[in-house]
Amino acid sequence: GLMPTNNLNPDAKGWLGREKYCTEQAVASLPLIKGLGGRRQGVYNHPLLTFFGVRDLGSSELGAGQVQSGLSSYLVDALFSHCLNMRDAILQAVRWGDPQILRAKLADAEKLASNKRLPLVVARAFTLALSLVSSEVKPNARKKRHECLRALIDFGADPETVDLDEL
């Protein structure tokens, strides 16, 4: 079921390469990829590799917007699954420049009562966000970067903790 098949016509360009891939490379690679992809790690404990289908959302009668929203959620979960700690997740969200994702990661961090280093992480994220907003040239992206700064300030980032050497 997992192995690909060569659906190309034998006369088609690329048939030999595709045939070799289907019979040799995929046979060796897919079990390894599946094994590594199913491993759970990091603060979110999500599998590194996930597959998405409409049935995964619980209903096949969803509108396109709901399916897209669900797919986005799956993708964000998969992309953050490599984060070994909340610091990595927050800094990754800042790098992406999406204020909604950043707010979600900050809220996740707040739920972890044992996260005593959170003020240091927020200070580092604030410094990073400042450096990124100053280098952003696209108006829409720059606006989102400003919203990320606002999210960090709302969360308690203190401008006095900015590392000026990094700016």
Side-chain angles (χ1 to χ4, degrees), residues 2 4 29-30 32-167:
L2 273 180
S29 299
L30 283 176
L32 175 65
I33 292 169
K34 184 179 178 196
L36 292 173
R39 189 179 304 161
R40 292 176 177 266
Q41 72 174 40
V43 70
Y44 290 101
N45 196 28
H46 289 293
L48 297 175
L49 181 66
T50 58
F51 296 92
F52 174 83
V54 173
R55 289 190 189 112
D56 294 331
L57 295 174
S59 169
S60 60
E61 298 177 10
L62 296 171
Q66 288 173 300
V67 170
Q68 183 62 37
S69 174
L71 177 58
S72 296
S73 174
Y74 272 72
L75 291 174
V76 168
D77 286 349
L79 292 169
F80 275 96
S81 66
H82 76 284
C83 295
L84 297 177
N85 53 53
M86 287 309 304
R87 177 188 181 275
D88 292 347
I90 291 169
L91 293 177
Q92 184 64 43
V94 169
R95 284 184 197 98
W96 279 346
D98 186 316
Q100 287 180 317
I101 292 174
L102 177 57
R103 286 184 189 278
K105 300 308 160 198
L106 290 168
D108 290 349
E110 198 169 38
K111 290 175 190 171
L112 297 174
S114 64
N115 204 343
K116 296 174 186 171
R117 296 179 48 101
L118 190 56
L120 295 173
V121 172
V122 172
R124 173 72 186 109
F126 191 67
T127 301
L128 176 62
L130 279 172
S131 69
L132 292 171
V133 78
S134 65
S135 63
E136 188 62 64
V137 293
K138 296 178 182 175
N140 241 6
R142 191 173 179 90
K143 181 180 181 209
K144 282 190 167 193
R145 297 263 181 220
H146 281 277
E147 291 173 20
C148 286
L149 283 170
R150 170 55 52 199
L152 288 162
I153 290 169
D154 291 347
F155 195 76
D158 184 358
E160 290 182 6
T161 62
V162 171
D163 184 355
L164 295 177
D165 291 334
E166 287 192 36
L167 298 178

Any heavy-atom pair between the side chains of Ile153 and Phe126 that's under 4.5 Å? yes
Any side-chain heavy atom of Ile101 within less than 4.5 Å of one from Phe80? yes
For Arg142, enumerate each residue passing the salt bridge (charged side-chain N to carboxylate O under 4.0 Å, His left out) test, keeping only those at least two apart in sequence or located in another chain. none
Minimum-distance pair of heavy atoms, taken over all atoms of Lys138 and Glu136: N-OE2, 3.6 Å
Report the residues that fulfil side chain to side chain donor-acceptor pair (under 3.5 Å) with Arg150, sequence neighbours left out, ordered by chain and then residue number. Asp154
With sequence neighbours left out, what residues match Ala125 under side chain to side chain contact (heavy atoms under 4.5 Å, CB included)? Ile90, Leu91, Val94, Leu152
Interatomic distance, CG@Leu118 vs CE@Met86, rounded to 0.5 Å, equals 8.0 Å
Sequence neighbours excluded, which residues qualify as side chain to side chain contact (heavy atoms under 4.5 Å, CB included) partners of Asn140? none
So which heavy atom on Lys105 is nearest to which on Ala89, and how close? CG-O, 4.1 Å
Mind listing the closest non-hydrogen atom pair of Gly97 and Cys148 along with its distance? C-SG, 3.6 Å
Side chains of Arg95 and Gln92: does their closest heavy-atom pair fall under 4.5 Å? yes
Of His146, Arg145, Glu147, which meets side-chain contact (heavy atoms from CB on, under 4.5 Å) against Lys143? Glu147
